[in-house]
Amino acid sequence: MATTATKFATSTSIAQGAIVVGSGLAGLSAASQLISHGVPVHLLDRAQKPGGNSIKASSGINGAPTRFQTVPDTTFYDDTVRSAGSVFSIAREQRQKLVSTLTEQSASAIYWLHDEKGVDLSKVAQLGGHSVPRTHRPEKSTVGASIVMTLLKQLKESPLFQLETAARVTRVLKSGEKVTGVEYTQDGETKELHGPLVFATGGFAGDANGLLAKYRPDLAGYPSTSDPREGTQDLLTAVGAQLLDMEQVQVHPTGFVDPKEPQSLAKILAAEVLRGEGGVLLMEGKRFVNEMETRAHITDAITKHEPLKGDIKQWDVLIVLDEGTFKAAETHLGFYMWKGLMRKTTVAELGEGVLPALQEYADAAAGHTEDRFGRKAFGHWALKKVEPETLVYVGNVTPVVHFTMGGVVINERSEVLDAEGKAIPGLWAAGEVTGGVHGENRLGGSSLLECVVFGRIAGDQASAAFKSQ
Ligand code: FAD
Ligand code: SIN
């Protein structure tokens, strides 16, 4: 569906509005903010349908402290820095500002979506690497689709908003030091738009033969949860943007191996919330890790074993849920069962050794023993006595390339910085296209959050620039 430009003149040097590239959550947040300031927005996306990877998000969005949390939360900043690992010491001061902005504005991001935009975010779970539950999601629907569809619907109600799909940006335009707009192709035609520019084009986890192969050749053959599409950081380095952390790629420990096409490189994510709500991971019938550790930690615990034989790199891991976990994540489970990615079965069917492993976990979850892997939070796991005929929900999972922590460097005003650390006039960026916020490991739920926080800031800044021209 390609809409035609009616409200914006193309090939003109007089900006008639701001340009946002990318219709994922970062782009939609920036566009919403621009419209709220009365600035016309021209949103371009190369895909046929808007929403990017954002629409697929299902575990939730972080925020602290919020009224939906039941325990006090003062550790979001510290958890983020700990998870970021040793690279945090490179450009530490700049990263500290970004993480402070992210965490300090997280509660207002939740309220903006929930109270102002009307997206239910009242259900809270604890994901890996978090000290307390702070990942918010709707009670009855999936988080990414709910947020994207709500923002998009409200944007479309504004006469100031114009969306063009199947419109691929191929060049960022510059006049002297200042970014002035973009060149893009649509329906075989090359067009130009001029105005303050917000870049929100997502990451390069789906660019297997391009940026991923360049920065992480060791990940060749890994499946991915991202749609195949090329990374866009090169469009921004062409106008002087600095890159950071491009080698930092998140391999998420649990993508589903679909029994119908086990060798497929495209995997559906087994959302982290399954572990957060109580799910257990088994290899060869035994637990091997604290499932509430960071993704990097769990992935390492899996990939230190030999991969399975086959065309792609994958491992034999089982995720097991009890009835309590199933109920807490019912919206997810309905979809996974319908897709044939999870099945209901008995403990006996899972083979020897599984019953004692699950009983040991159940004892720790009930508070009778310390978990031998150090797990402290057990979500809604309710099963106390494990019998051979006990019913459980299981699926096969394997590590998957999921998210790219690296990208263009921004400051806390979402301005894109050049090699000297100076802001490039006329250019802002937000979301997964940027680098430096998450270091070596992004915490689950913090990507949607960075999209909202830095997307809104970018919208505010681009709005001020438009009004002052
Ligand atoms: P995207 O949403 O990817 O949007 C980028 C858009 O830019 C795309 O629509 C793309 O077509 C467009 N684009 C790219 N290049 C061009 C170009 N040259 N011209 C025009 N348009 C272009 N994070 C969480 O915090 N919580 C979760 O629960 C969660 N679950 C996830 C589940 C899955 C399956 C996946 C894949 C990711 C998940 N993430 C989650 C991560 C998160 O969804 C993404 O990192 C985040 O949504 C990225 O948002 P974005 O706006 O930066 O980019
Ligand atoms: C997941 O649901 O496991 C993904 C969450 C995220 O990437 O933040």
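Indexing begins at 1, ligand by ligand and atom by atom, following the structure's order. This one's a predicted model, so the numbers in the text were calculated from it and none came from an experiment. All values below were derived from every heavy atom in this structure, side-chain atoms included, with hydrogens, water molecules and symmetry-related copies excluded.
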Novice: Going by distance only, is there an N or O of Ala270 that falls short of 3.5 Å from an N or O of ligand 2?
Specialist: no

Novice: Check each of Arg46, Gln250, Lys56, His402 against atom 16 (C) of ligand 1 and report the one with the nearest heavy atom.
Specialist: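 That would be Arg46.
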
Novice: Check each atom of ligand 1 against the heavy atoms of Thr232 and keep those under 4.0 Å away; list them by number with element.
Specialist: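 Answer, ordered by atom number: 15 (N), 18 (N).
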
Novice: Can you sort out which atoms of ligand 1 are near Val21, meaning under 4.0 Å from one of its heavy atoms?
Specialist: 19 (N), 20 (C), 21 (N)

Novice: Do we see a donor-acceptor contact under 3.5 Å between the side chains of Arg295 and Gln250?
Specialist: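 Gln250 and Arg295 do have a side-chain donor-acceptor pair below 3.5 Å.
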
Novice: Which atoms from ligand 2 have a heavy atom of Leu269 less than 4.0 Å away?
Specialist: 1 (C), 2 (O), 3 (O), 4 (C)

Novice: Taking N or O atoms only and a 3.5 Å limit, does Gly60 qualify as a polar contact for ligand 1?
Specialist: yes

Novice: Say whether Leu25, considering both its backbone and side-chain N or O atoms, lies within less than 3.5 Å of an N or O atom on ligand 1.
Specialist: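 Yes; at least one N/O pair falls below 3.5 Å.
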
Novice: Got a salt bridge between Asp218 and Arg216, using NZ or NE/NH1/NH2 to carboxylate O under 4.0 Å?
Specialist: yes

Novice: Suppose I only count heavy atoms of Ser54 and a 4.0 Å limit; which atoms of ligand 1 are within that range?
Specialist: 1 (P), 2 (O), 43 (O), 46 (C), 47 (O), 48 (C), 49 (O), 50 (P), 51 (O)

Novice: I'd like to check whether Ser226 has a polar contact with ligand 1, where a contact means an N/O of the residue lying under 3.5 Å from an N/O of the ligand.
Specialist: no

Novice: If hydrogens are left out, which of Arg442, His332, Arg275, Lys56 has an atom nearest to atom 7 (O) of ligand 2, that is, the closest non-hydrogen atom?
Specialist: Arg442

Novice: May I ask you to check if ligand 2 and Arg295 share an N or O to N or O distance below 3.5 Å?
Specialist: yes

Novice: Evaluate Gln250 for polar contact with ligand 2, using N/O atom pairs at a separation under 3.5 Å.
Specialist: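 No - when backbone and side-chain N and O of Gln250 are compared with those of ligand 2, no distance drops under 3.5 Å.
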
Novice: Just which atoms of ligand 1 are under 4.0 Å from any heavy atom in Ala26?
Specialist: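 Checking each atom against Ala26, I get 51 (O).
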
Novice: Out of Val169, Leu44, Val182, Leu43, who is nearest to atom 17 (C) of ligand 1 when you count heavy atoms only?
Specialist: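 Among Val169, Leu44, Val182, Leu43, the closest heavy atom to atom 17 (C) of ligand 1 comes from Val169.
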
Novice: Quick one: which ligand 1 atoms are inside 4.0 Å of a heavy atom on Gly445?
Specialist: 24 (C), 25 (O), 26 (N)

Novice: Considering only heavy atoms of Thr225, which atoms of ligand 1 have at least one such atom less than 4.0 Å away?
Specialist: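 The list of qualifying atoms is 36 (C).
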
Novice: For atom 2 (O) of ligand 2, what's the nearest protein heavy-atom neighbour? Residue, atom name and distance, please.
Specialist: Ser59 OG, 2.5 Å

Novice: Going by the atom numbers of ligand 1, which of them fall below 4.0 Å from some non-hydrogen atom of Leu269?
Specialist: 32 (C), 34 (C)

